[in-house]
Structures are given as C-alpha cells and as structure tokens.
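One-based numbering along the sequence shown. Atoms considered below: every heavy atom in the structure, side chains included; atoms not considered: hydrogens, waters and symmetry mates. Whatever order the structure lists them in is the order used to number ligands and atoms, beginning at 1.
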Amino acid sequence: MINIVIFGPPGSGKGTHSIKLAEKYQLFHLSTGDIFRYEINNKTPLGIEAKNYIDKGNLVPDDLVIKVLLSTLEKQKNAKGFIFDGFPRTIIQAQKLDEELNKKGIPINIVISLEVNDAEIITRLVKRGLDSGRSDDNETIIKQRLEIYKNQTAPLLDYYTKQNKLINIDGVGMIDNIFTNICNIIDDNF
Ligand code: ADP
C-alpha cells in the first residue's frame, strides 16, 4: 500500500503525472477537480454548487470537498493505494485526510511537489483553455487561482515538510523526464 499526494500550483502537471503514476503503481487516482467537473457536467446538486466557486477561480468550501473525500474513500475500500491529485488544498483538508488515513492505518507516504514558475503556468493554462474550453482556464481566472494557491494551498508545503514527507521536483521540462524523476524518488523510498 502506498499513498501519494501530488502537489503543486494549477497547471503544474499534477493531473498528467497522476494518470501515469496510477497506471504504473496500480493506485486509485483521486482528483477532486475531475470529480467536480464530472458532477458539473451531470448537473448534480454538488456540481451546481461547486461550479459557483470554480468558475470564479475560488476554492470549493472544505465541507463539500471533505464529503467528496469520504465518499470516495468509502467506495474505494479495496484500493491498493491512492494518488491524491489537487487534494488537499487547505490545512483543514490536510488535517482531515491525515485523520481519516491514520484511522485506517494507511498514512500518506510521500508528497511530491511539482515546482513551476508563474509565467510558465499562465502560458500552459491559457493554452489548455484554448484547447479544452475549460471555463476556469482564462487569464483573469488563472491569476485568481494562482493567488488562492499562494494564500491557501502553499502553506501545506510547510505542513508536509514538518512531517518529513515533502519532495520537490522540477516540473518544467520534458514530461517523460519529469515522470522518471518522480518514479526514481518513489522507487528509492519504497
Ligand atoms: P488545477 O490544479 O489546474 O487548478 P483542478 O482540476 O485540480 O485543476 O481544480 C480545478 C478547480 O476545482 C479549483 O480551482 C477549485 O475551484 C476546485 N477544487 C478542486 N479540488 C479542490 C479542493 N481540494 N479544494 C477546494 N477546491 C477544489
């Protein structure tokens, strides 16, 4: 059993590397962003509520996100391990995740932090918005998401450093090279 958090600003490549890691290490890929987009597309009450926050570049409130976490952990009881992508994004979420995983005796093993500078992030996300039509990938909202990342999410770097779990990886370069660096870290530690 191995539980990985993949951490980084919006557009740092969390989703891309999570998909590859889930396949290579047979982990369940838990992306709260993907779950919210699925709910939004299906116009569920959760999706309708989450959309108000996501379209403005704000975080979905912790209580809604935690509900999603708990129901997914419950549904995936038999998973061999998890890759948490885009979660946790606040200290409250991180504390709740620790509490739930510790209860089950399956704590987070490692937090991979993808480092990407702001200029590169804006370029990547504007391009993604043009390609995918994602409503939150336009320049004004991207800047808001970056601001929120710095204020509410980046403090988790300190939270996980104190737990001795944080590993920094350069998130700029060829995807395959970055992925190899991530896998080397995992293989060296487990
Ligand atoms: P990105 O990493 O590119 O911002 P995500 O798909 O992870 O993309 O998230 C998209 C949006 O979904 C976020 O800007 C936020 O509004 C919402 N969201 C996703 N995960 C969380 C979370 N853990 N807590 C609060 N909001 C979240």
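In this structure a side-chain-to-backbone donor-acceptor pair under 3.5 Å is missing from N168 to E115. Formation of a donor-acceptor pair under 3.5 Å by the N42 side chain with backbone atoms of T44 is not found in this model. Listed for the T161 side chain is no donor-acceptor partner under 3.5 Å among the backbone atoms of L166.
Below 4.0 Å from some heavy atom of G86 lie the following atoms of ligand 1, by number and element: 20 (N), 21 (C), 22 (C), 23 (N). Atoms of ligand 1 found under 4.0 Å from any heavy atom of G11, numbered from 1 in the order shown, are 3 (O). The contact set between ligand 1 and R37, taken as ligand atoms under 4.0 Å from a residue heavy atom, comprises 6 (O), 10 (C). Within ligand 1, the atoms closer than 4.0 Å to a non-hydrogen atom of R145 are 1 (P), 3 (O), 4 (O), 14 (O), numbered from 1 in the order shown. Near K14, meaning under 4.0 Å from any of its heavy atoms, are these atoms of ligand 1: 2 (O). Taking every non-hydrogen atom of T32 and a distance limit under 4.0 Å, the qualifying atoms of ligand 1 come out as 19 (C), 20 (N), 21 (C), 22 (C), 23 (N). Proximity to N58 (heavy-atom distance under 4.0 Å) selects the following atoms of ligand 1: 15 (C), 16 (O). The distance from ligand 1 to the heavy atoms of P10 drops below 4.0 Å at these ligand atoms: 1 (P), 2 (O), 3 (O), 4 (O).
If you check the side chains of Y25 and D187, you find a donor sitting under 3.5 Å from an acceptor. For the 3.5 Å distance criterion, the side chains of T90 and Q152 fail to qualify, holding no donor opposite an acceptor.
Looking only at heavy atoms of the protein, atom 26 (N) of ligand 1 is closest to V60 N, 3.0 Å. Of all protein heavy atoms, the one closest to atom 9 (O) of ligand 1 is R89 NH2, 3.5 Å. Among protein heavy atoms, atom 17 (C) of ligand 1 sits closest to I54 CG1, 3.7 Å.
Between F84 and F87, the angle of the ring planes lies from 30° to 60°, which puts this pair in the tilted group. Relative orientation of the F82 and F28 rings is perpendicular, given thresholds of 30° and 60° on the angle between their planes.
Residue contacts with ligand 1, taken as heavy atom pairs separated by less than 4.0 Å, do not involve Q152 at all.
Nearest heavy-atom pair across P88 and L156 is O-CD1, 3.3 Å.
Between L73 atom CG and E100 atom CD the span is 7.0 Å, to the nearest 0.5 Å.
For the residues Q93, R134, R124, Q144, the heavy atom positioned nearest atom 23 (N) of ligand 1 is part of Q93.
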